[in-house]
Each structure stands twice: as structure tokens, then as C-alpha cells.
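Let me begin by presenting the structure, written as C-alpha cells, before commenting on it.
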Amino acid sequence: MVKGLKSAFTMKNQEIADIFSTIADILEIQNENQFKVNAYRKAARALTDLNVDIEQLQQQDQLSSIPGVGKAIAKKIDQYLNTGKIQKYEELISEFPKGLLELLKIQNLGPKTIALAAKKLNVQNLDDLLVVIENGSLSKLPGMGEKKVQKIKAGVDYYLSSRGNILISQALTVAEEIVRHLAETSNPEDISIAGSIRRMKETVHDIDILVASKQPKSCIKNFVDFKGVREVIAAGETKASIRRTDGSQVDLRVVSPENFAAALLYFTGSKAHNVKLRSLAKNKSLKINEYGVFKNDRKIATDSEEDIYRKLGLSWIAPELREDRGEVELAEENRLPVLINREDILGDLHVHSNYSDGHHSIESMAESAAAMGYQYIAICDHSKSANYANGLSAEKLEQQIKEIDSLNQRFDNFKILKGAEVDILPDGALDFPDNLLQQLDIIVASIHSAFNQNPTERILTAMNNSYVDIIGHPTGRLINQRQGYDVDLAKVVEKAQQKGIALELNAHPLRLDLNDVDAKMAKDSGIKIAINTDAHATKDLNFIEFGIGVARRAWLEKNDVLNCQTCQKILNNKRKKQDTQNEMLEK
DNA sequence: GCCGTTTTCGGCCCGACTGTTTTCAGTCG
């Protein structure tokens with residue numbers, strides 16, 4: 001087993017994390033001590049982020065070494081691992097209406113109101129809630145009123161319509177449009193996208209924009225009056241929130257220019273990262289908030305994020321790392337990874353052309369890639385069984401090879417690699433014979449059909465083929481649309497390590513597959529990741545931005561990424577790999 | 001419920017906005 005790798009057995013970690021998370025939800029609605037609630041939340045998060053098998057820690061009597069896990073919680077973990085149950089959880093859940101937990105996900109509706117509605121109106125689930133909203137009884141409760149109920153209703157509508165997840169690509173488009181609008185109309189001294197978009201999360205709940213201005217009122221006005229606003233949720237002196245016609249929520253915060261850096265840090269989050277910074281500040285007798293770092297109520301210089309981190313004894317932490325996954329501790333020791341940048345990417349190893357289901361010619365794709373400063377591109381069209389995608393016959397592929405050979409004579413300092421995205425068939429065989437594969441530079445092997453037929457075994461079988469360089473979109477998920485196939489990534493990574501095969505980080509914003517957590521584990525095991533766009537048109541080559549975002553969230557450095565290598569190096573390594581495997585076969 | 005070089009008890013991040021109040025509770029980020 002590859003060391004430090006998450007796999008099927010760490011499912012237990014997540015099962016226990018989910019239980020603690022539910023305990024926290026129930027206790028919160030029951031108005032239990034908020035710090036106790038937080039303790040369970042923290043433990044749940046720690047277990048989710050844990051990279052080792054919890055049973056292993058149990059056997060070594062090391063459960064309490066997990067930060068946030070003390071005696072009581074360690075005992076509960078122990079109980080779960082020994083009996084499959086946690087008594088406290090069983091007791092709580094047996095007498096608690098399960099439908100109430102879902103209500104916590106509704107905006108503007110928190111634990112206090114849920115508890116009130118449950119107690120006074122016997123609300124037990126979402127349906128009950130809708131009834132008491134409609135019949136007016138909710139608004140008559142003490143502390144409630146018409147407007148509050150309207151807000152809760154809006155929260156329910158939002159929850160039911162979208163579940164609140166917007167793809168990073170969509171969110172970024174909206175955010176950039178609003179930033180441009182405010183830049184043109186409001187004369188800001190500074191402006192930035194903040195929040196989870198700046199951290200490049202794969203999906204975001206809302207869009208955060210921060211402005212530095214001496215005229216906050218006019219900024220707010222220009223913001224709420226902009227086109228596409230369906231509803232103004234809030235609009236105060238320095239802060240406003242809108243809902244747009246596309247359903248997205250946008251929050252604007254306006255600060256004075258001298259507070260911009262502190263505010264940017266604050267509104268970039270994540271919440272967990274911020275909490276960590278605040279408690280760190282407190283330990284140093286400092287206070288940090290969105291206005292700066294303070295010592296005895298006196299602001300100490302905070303002109304930039306770098307400066308603020310420095311005042312806390314930390315090196316600057318890239319936004320993509322700010323999730324409280326150990327980045328603060330490393331920043332204290334000045335040992336943060338040197339994250340991969342756009343400039344480090346030398347080529348794209350998985351793009352399509354109009355030979356299969358792409359929209360543009362090989363030549364156009366190559367010219368666009370060259371214009372982006374790339375040194376190479378691999379044309380990897382679909383193989384013959386991919387009928388839905390106009391997969392190539394053997395004859396068509398040979399024709400493509402000739403075209404690429406001829407095109408390559410026209411380019412200086414740029415190379416078109418001959419490749420294919422070969423289907424992994426239900427029996428694990430590849431969709432092209434070896435005599436075709438051996439003519440190609442890059443083979444991406446992917447599953448595109450029969451998702452529920454032993455995906456792990458099929459991928460492992462395909463990896464036995466020495467021509468395979470990359471496993472394409474390894475889990476097959478489509479964000480917000482389709483769960484991935486049930487693949488045991490630990491086994492795939494282990495095999496990739498043995499065979500010198502890379503896993504893809506597919507940069508298409510609907511895929512982002514591997515995700516950040518899986519890519520980090522792959523990195524930790526020492527295998528290479530290929531950040532590919534899977535572009536079906538020239539403009540799709542820009543998806544690389546999202547792939548790099550996820551890669552940075554996964555702590556990836558230049559050395560971890562296959563397409564940070566020159567194409568000469570990639571091809572040399574491929575040759576060496578094949579020679580070694582042939583020698584082994586001969587023996 | 002967790003934690004500790006202010007250490008076994010008393011803390012636990014902090015501020016804006018809204019709506020319902022008439023000084024504050026709830027929610028959010």
C-alpha cells in the first residue's frame with residue numbers, strides 16, 4: 001500500500017466525520033453550548049482532512065494526537081471502530097426529527113429559529129416549514145415577523161432551485177463582469193474578487209467582491225442598480241448583497257483604501273483559515289479583523305497581505321491554500337510549497353480536433369496553443385468505440401498521423417504530438433490495437449461507458465498496457481450533474497506509481513477531475529499529474545486556469561506536473577519506460 | 001468538548017446587517 005494514501009479503508013474516517021457533524025447540528029438546534037458544538041465540528045473536519053487510516057491510529061493508541069480530538073471524542077471514535085456505533089449519536093438521532101437537520105442548509109434560517117418553529121409549531125421537516133410559512137403562523141412567533149419570514153422563504157426557494165452551487169467558471173464570469181462595471185462607474189481605488197472564487201474552489205455559494213473607495217454610497221448604489229439584479233437582499237453603508245436573475249448571490253463590501261489589504265485577507269477566507277489566524281494573533285497578544293492587525297487597540301502597519309501575515313509571524317499564504325489544512329503551520333516555519341503557476345505549464349496533453357467531436361482543426365488548435373506560449377500540444381481524439389463522439393477508425397487515425405507530421409514541418413519551436421484518448425472497454429482492453437498505439441506519442445486512456453462495470457479493475461487492466469501515459473478524468477464525475485464511477489483511487493495511484501503512468505487533472509470546469517483532495521494524495525504518493533484541458537475548441541484551452549487553480553489547492557508544485565516538462569523529456573521518459581517493460585517481459 | 005510556556009479551569013474570532021425591538025438576538029461570512 002502506498003504510504004499516506006486515502007483509500008477505501010479511510011471511508012471509516014469520513015463515516016465518523018459525518019456522525020460528528022450531525023451531532024454538532026443536533027446539539028446546535030438543541031441550544032447546547034456553542035463551543036461544544038464547535039468542538040464536534042472541528043473534530044469532523046480534522047477527520048475529513050486526515051490522510052491516514054483512523055483504525056491505524058486507534059491501534060497505535062494515537063487518536064488524541066489528531067488536533068481537536070480529546071478524551072471524549074477519542075472515546076467515541078474508539079466505540080465506533082469497535083462496535084460500529086456511537087452511543088451518544090444513537091441516543092440523539094433516535095429522538096430527534098431527522099428532517100430538521102436539512103433546514104440548517106437554508107439561508108437566513110439558523111438553529112435558533114428552527115428550534116423555535118419545532119417547539120411552538122411542531123415543525124419537523126421542510127414540508128412542515130413551508131406550511132407554517134404559507135399559513136402565517138411562523139411570522140406570529142415571538143421575535144419573528146413578516147420580513148424575516150419572507151427572507152426565510154427566499155432561502156427555501158434558493159435551496160430548492162439550485163442547492164446553492166455554482167461552477168467556478170460561471171461564478172468567475174459574473175464576478176469579472178461586476179468588477180468591470182464597478183471599475184468603470186465607481187472610480188474605486190482598488191477592487192478585487194474575494195471569497196471562494198479567489199481560493200479557486202470548484203463550486204462557490206456566492207460571489208464576493210471587495211472595493212476600496214472613499215465613496216462607499218455610490219459604489220453600493222452602482223452595484224445594486226446594475227443589470228441582472230433580481231432582488232436586493234441587503235444594502236447598508238458599506239455592504240450589500242444581491243440575488244441575480246441567474247440565481248447567483250453577490251456580496252459587495254466597500255472599505256476605505258487603508259483597510260483594503262486586511263479586508264481582502266478577511267473576505268478571501270476560508271472561515272477556518274480566518275479563525276486560525278485570529279487565534280494565532282490572540283496568542284501573540286494581537287487582534288486581527290477586517291480593518292487590520294492591532295496591538296493594544298493601535299493599528300500596526302498592514303499595507304499588504306504579505307505584511308499582515310508577517311506581523312503574525314507567517315510567510316504569505318496563497319489564497320488557494322487557505323483552508324486550514326496545515327498551511328498556517330508550514331507558513332510559521334517558512335516551508336510552504338512553491339505552487340505551480342500558469343507560466344510553468346509548457347503544453348496541453350489532451351485536446352480534441354474536428355477529426356472526432358472537437359470544433360476546430362488540428363492546425364487551429366496548434367496555433368492557439370502556440371499563441372498561449374506553449375511548446376507542444378497533444379491531439380487526443382476519441383477512439384473508434386466512442387460513437388457518440390465520432391470516434392476515429394484506424395484509417396482515420398492514420399490519416400491524422402500524416403496530417404500532424406506534415407503540420408509539424410511548418411512550426412518552429414512548437415510541436416504537435418500525435419495522441420489518442422482511447423476508451424477503456426468494459427473488459428479493460430484498450431479500444432485501439434497496440435500496432436496503432438505504438439505509432440503515437442501520448443495515450444490518454446479513459447472510461448466513457450459502462451460506468452458501473454468494475455471501473456477499478458478495468459482501469460488497472462488498462463494500465464498494464466505499456467503504451468498508456470495518462471489515465472483521463474480518473475473518477476468520471478461531472479460537477480452538480482453526475483457522481484463519479486466507484487473507483488478505488490488508492491489502487492489506481494499505487495499502480496500508476498509502479499507503471500510510471502500519470503493521472504489527469506482534467507481542467508474542464510465541469511469535471512475538475514481529480515479534485516483537490518485526490519490530487520494532493522496522488523502528489524503525496526509521488527506520481528505525476530497531467531493538467532489537461534480536454535479542449536474541444538480553441539477557447540477551451542483557457543480552461544487551464546481552472547486546472548491550475550485546483551492544482552494549487554492540491555499543493556502541487558512544478559515537479560509534480562507532467563506537462564511542466566519539455567516534450568523531449570516526456571518522450572524520452574516514455575521510451576525509457578517502454579524499454580524497461582520490454583526487458584522485464586523478455587526476462 | 002478541547003486546550004495549555006498566562007496550563008487542569010476558564011477561555012474558546014469578530015463585526016455588519018436586519019428585523020424586531022426599544023437594546024438586542026439571529027444570521028452570515
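Chain letters run A, B, ... following the sequence lines, proteins first, then strands; residues in each count from 1. Atom set for the values below is all heavy atoms of this structure, side chains included, hydrogens, waters and symmetry mates excluded.
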Map A:E146 and A:A240 onto DNA chain B by nearest heavy atom, then report which one ends up closer to the 5' terminus.
->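 Nearer the 5' end of the strand: A:A240.
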Relative to the 5' end of DNA chain B, which residue comes earlier, A:Q249 or A:G70, by the nucleotide with the nearest heavy atom?
-> A:G70
Take atom [atom1] in [N] and the same atom in [M], then report the distance between them in whole Å.
| N | M | atom1 | result |
| --- | --- | --- | --- |
| B:dG26 | B:dT20 | C1' | 11 Å |
| B:dT22 | B:dG29 | P | 28 Å |
| B:dC14 | B:dT8 | C1' | 28 Å |
| B:dC28 | B:dT23 | P | 26 Å |
| B:dC12 | B:dT18 | P | 28 Å |
| B:dG10 | B:dG15 | P | 25 Å |
| B:dA16 | B:dG11 | P | 24 Å |

Can you see if the side chain of [X] gets near the phosphate of [N] - specifically, an N or O under 4.0 Å from OP1 or OP2?
| X | N | answer |
| --- | --- | --- |
| A:S196 | B:dG29 | no |
| A:K76 | B:dG1 | yes |
| A:K287 | B:dG15 | yes |
| A:S241 | B:dC28 | no |
| A:Q107 | B:dG29 | yes |
| A:N289 | B:dG15 | yes |
| A:Y266 | B:dA16 | no |

Atom pair distance, as rounded to whole Å: [atom1] in [X] and [atom2] in [N]:
| X | N | atom1 | atom2 | value |
| --- | --- | --- | --- | --- |
| A:K148 | B:dC24 | NZ | P | 15 Å |
| A:I29 | B:dG26 | CD1 | P | 14 Å |
| A:K284 | B:dT6 | NZ | P | 12 Å |
| A:L210 | B:dG29 | CG | P | 16 Å |
| A:H205 | B:dG29 | NE2 | P | 9 Å |
| A:K75 | B:dG1 | NZ | C1' | 13 Å |
| A:N38 | B:dC2 | CG | C1' | 11 Å |
| A:K239 | B:dA16 | NZ | C1' | 4 Å |

Might you work through the side chain to side chain contact (heavy atoms under 4.5 Å, CB included) test for A:M144 and A:I152, ending with a clear yes or no?
-> CA-CA 11 Å; A:M144 300 299 290; A:I152 293 169; 3.8 Å; yes
Of the options [options], whose atoms approach the side-chain atoms of [X] most closely?
| X | options | result |
| --- | --- | --- |
| A:R253 | B:dC14, B:dA16, B:dG29 | B:dA16 |
| A:D208 | B:dT6, B:dG29, B:dA16 | B:dG29 |
| A:E290 | B:dG26, B:dG15, B:dG1 | B:dG15 |
| A:K271 | B:dC17, B:dG29, B:dC14 | B:dG29 |
| A:A39 | B:dG29, B:dC2, B:dA16 | B:dC2 |
| A:D251 | B:dG1, B:dG15, B:dG29 | B:dG29 |

Touch check for [X], heavy atoms < 4.0 angstrom, all strands: base, sugar-phosphate only, or nothing?
| X | answer |
| --- | --- |
| A:A43 | nothing |
| A:I106 | sugar-phosphate |
| A:K42 | nothing |
| A:L109 | sugar-phosphate |
| A:P142 | nothing |
| A:V69 | sugar-phosphate |

Base-pairing mate for B:dC12 - Watson-Crick or G-U, with both contacts under 3.5 Å | B:dG1
Taking atom types as modelled, is there a side-chain donor on [X] or [Y] under 3.5 Å from an acceptor on the other?
| X | Y | value |
| --- | --- | --- |
| A:E102 | A:Y159 | yes |
| A:E55 | A:Q59 | no |
| A:Q107 | A:Q249 | yes |

In terms of the angle between their ring planes, are A:F20 and A:Y40 parallel, tilted or perpendicular, with boundaries placed at 30° and 60°?
->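 Ring orientation, 0 to 90° scale: tilted.
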Using a strict 4.0 Å threshold on nitrogen-to-oxygen distance, state whether A:K201 and A:D516 make a salt bridge.
->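 Looking at A:D516 together with A:K201, the answer is no, because their closest N to O distance does not fall below 4.0 Å.
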Take atom CD in A:E146; do more than 12 heavy atoms of anything else shown fall under 6.0 Å from it?
-> no
Is the number of heavy atoms from other residues, nucleotides or ligands within 6.0 Å of CD (A:E177) greater than 12?
->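 Above 12, so yes.
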